[in-house]
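These values consider heavy atoms only, across backbone and side chains, with no hydrogens, waters or symmetry-generated copies. Just so we're clear, the structure is a prediction, and the values are computed from it rather than from any experiment. In each ligand, atom 1 is the first atom listed, and ligand 1 is the first ligand listed.
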Amino acid sequence: MADKVTQGPLEMFGTDALVDEESLAIRDTVRRFVRDRIRPEIAEWYETGTMPVRELAKELGSLGVMGMHLTGYDCAGTSATAYGLACLELEAGDSGLRSLVSVQGSLAMFAIWKHGSEEQKQEWLPRMAAGEAVGCFGLTEPDFGSNPAGMRTAARRDGDDWVLSGNKMWITNGSVADVAVVWARTDDGIRGFVVPTDTPGFSAPEIKKKMSLRASVTSELVLDDVRLPAAAMLPGAKGLSGPLSCLNEARFGIVFGALGAARDCLERTIAYAGERDIFDKPLSAYQITQTKLADMTLELGKGMLLALHLGRLKDAGELRPEQVSLGKLNNVRESIAIARECRTLLGAAGITLEYPVMRHANNLESVLTYEGTSEVHQLVIGQALTGEAAFR
Ligand code: FAD
């Protein structure tokens, strides 16, 4: 009997036709890296709650994805769309892997690239692009997540020096970083500081017992009178718009990235349903199954069209923050729904690490929360629609 002709869920939408050759080639390179380097190891890393971040950072640096959408300073200077597609492939491996690249490129490197002095850029960006130096981004505090304006971490002047004190919480890569971009209040409003992590008074204990993003290092940052020279301050970032400009970059990567996790769930579930016999015929041959698969494919494809549209706007320099909110809210929300629906189709097998779906579903809980919760993005969209800020 001839093989049945099937199409992948995203192939059905023909979205490759919307993307240039160079971006597709970058995507394929990242896809191969994930297949060969990440897939064989990821379940083990997730189960043990470990990830060889520094080793992977160098490999990702060689691949050219660290800060890939930035220009100069040994960064690859790709389009935003190519960066998005790379995020999608990385997150098809694991959200922790994409988080590593997002935090490095879109948060820590972007902050220095956009707001830093020439000396700060020269010192850090080439090493970070190569993955030889790992960065983290400290904005959230134990009592201030969605409302970073309330932050208590303070930087006070002492002669020419700055002295930082306070605590940051939930900081990706904190314990393994060489450099932390730390946001603190000063007499002059919120400012960013480039903090080498070997500075006396800086420590970053790892947060354990996570049920989500287990293949990712998450840490507290403790700043106990960390003394820095005047040149440690980012000269170009004044006020909350500094960190928010960085979050906007990382959120854009998530718009694409989350779809990678959903695509992986769906592809693996379609394969499983074809092999699993239930009441004497394949699970894939039941109408209930096909209804679920069709609905999930539709949401995945719609999310992809939205992501590519936002990518084009970003490449044209026209993407607005509320549009990024549209993409982050929709694509993470739909991706987590897809992961959970796939889990039902896998039955008991779906709760194990033999299959990626529950790992992706659990990871997406963090993705739903970080870089602005769904509710915060609803409020951003609501404000754009009504002109009323309903945050407080
Ligand atoms: P809260 O702000 O306490 O929110 C609790 C609930 O209140 C949520 O449902 C929220 O939507 C809702 N809420 C908030 N405001 C409103 C409102 N106005 N109206 C109605 N409801 C509201 N931060 C960093 O700075 N750097 C990092 O590298 C980083 N990495 C992270 C990695 C992981 C794995 C996780 C889980 C988090 C990370 N974060 C990081 C922190 C993340 O950005 C925050 O968790 C997020 O901003 C939410 O803050 P919170 O957890 O304090 O929740």
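The single protein non-hydrogen atom nearest to atom 35 (C) of ligand 1 is Tyr370 CD2, 4.0 Å, given as residue, atom name and distance. Of all protein heavy atoms, the one lying nearest to atom 36 (C) of ligand 1 is Ser366 OG, 3.9 Å. When only non-hydrogen protein atoms are considered, atom 28 (O) of ligand 1 lies nearest to Thr172 N, 3.0 Å. Protein heavy atom in closest approach to atom 50 (P) of ligand 1: Gly145 CA, 3.9 Å. Looking at atom 21 (N) of ligand 1, its nearest protein heavy atom turns out to be Glu375 CB, 4.4 Å. What sits closest to atom 43 (O) of ligand 1 on the protein, heavy atoms only, is Thr140 OG1, 3.5 Å. The protein heavy-atom contact nearest to atom 26 (N) of ligand 1 is Phe137 O, 2.9 Å. Atom 29 (C) of ligand 1 has its closest protein heavy atom at Trp170 O, 2.6 Å.
Aromatic ring orientation, His69 versus Tyr83: parallel (interplanar angle below 30°, classes split at 30° and 60°).
Heavy-atom proximity to Ile171, at under 4.0 Å, picks out these atoms of ligand 1: 24 (C), 25 (O), 26 (N), 27 (C), 28 (O). Applying the 4.0 Å criterion to heavy atoms of Phe391 picks out, from ligand 1, the atoms 17 (C), 18 (N). Each of the following atoms of ligand 1 lies closer than 4.0 Å to a heavy atom of Leu213: 34 (C). Each of the atoms 25 (O) of ligand 1 lies under 4.0 Å from some heavy atom of Leu139. Remark: ligand 1 atoms within the under-4.0 Å shell around heavy atoms of Leu379 are 17 (C), 18 (N), 19 (N).
In this model, a donor atom of one side chain and an acceptor atom of the other lie less than 3.5 Å apart for Thr218 and Lys210.
For the side chain to side chain contact (heavy atoms under 4.5 Å, CB included) with Met304, the qualifying choice from Leu85, Val255, Asn331, Leu18 is Leu85, the only one to do so. Checking Glu118, Gln120, Glu119 one by one against Gln122, the side chain to side chain donor-acceptor pair (under 3.5 Å) holds for a single residue, Glu118.
Environment of CD in Glu47: sparse, with no more than 12 heavy atoms of neighbouring residues, nucleotides or ligands closer than 6.0 Å. Annotation for Lys121: atom NZ counts as buried by contact number, over 12 foreign heavy atoms lying within 6.0 Å. Heavy atoms of other residues, nucleotides or ligands lying less than 6.0 angstrom from CG of Asp160 number 12 at most. Sparse packing is recorded around CD1 of Ile351, with 12 or fewer heavy atoms of other residues, nucleotides or ligands lying under 6.0 Å away. The 12-atom threshold is exceeded at CZ of Arg312, counting heavy atoms of other residues, nucleotides or ligands nearer than 6.0 Å.
A salt bridge links Arg31 with Glu89: the distance from a Lys NZ or Arg NE/NH1/NH2 to an Asp or Glu carboxylate oxygen falls below 4.0 Å.
Contact annotation: the side chain of Leu300 approaches that of Leu259 to within less than 4.5 Å [non-hydrogen atoms, C-beta and beyond].
Checking atom 40 (C) of ligand 1 against the protein gives a heavy-atom contact under 4.0 Å. Under the 4.0 angstrom criterion, atom 31 (C) of ligand 1 counts as having a protein heavy-atom contact. Taking a distance limit of 4.0 Å, we find that atom 6 (C) of ligand 1 is approached by no protein heavy atom. Protein heavy atoms are absent from the space less than 4.0 angstrom from atom 12 (C) of ligand 1. By the definition of a contact as any protein heavy atom under 4.0 Å away, atom 46 (C) of ligand 1 is in contact.
No N or O atom of Asn147 sits closer than 3.5 Å to an N or O atom of ligand 1. Checking only distances, Thr373 does come within under 3.5 Å of ligand 1, N or O to N or O.
The distance between the ring centers of Phe193 and Trp162 falls below 6.0 angstrom.
Of the listed residues (Cys136, Ser146, Ser102, Ala177), the one carrying the non-hydrogen atom nearest atom 2 (O) of ligand 1 is Ser146.
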TODO: Evaluate side-chain hydrogen bond (donor to acceptor under 3.5 Å, both in side chains) for Glu220 paired with Asn167, printing each intermediate quantity in order.
DONE: CA-CA 7 Å; Glu220 185 183 349; Asn167 288 66; 3.0 Å; yes
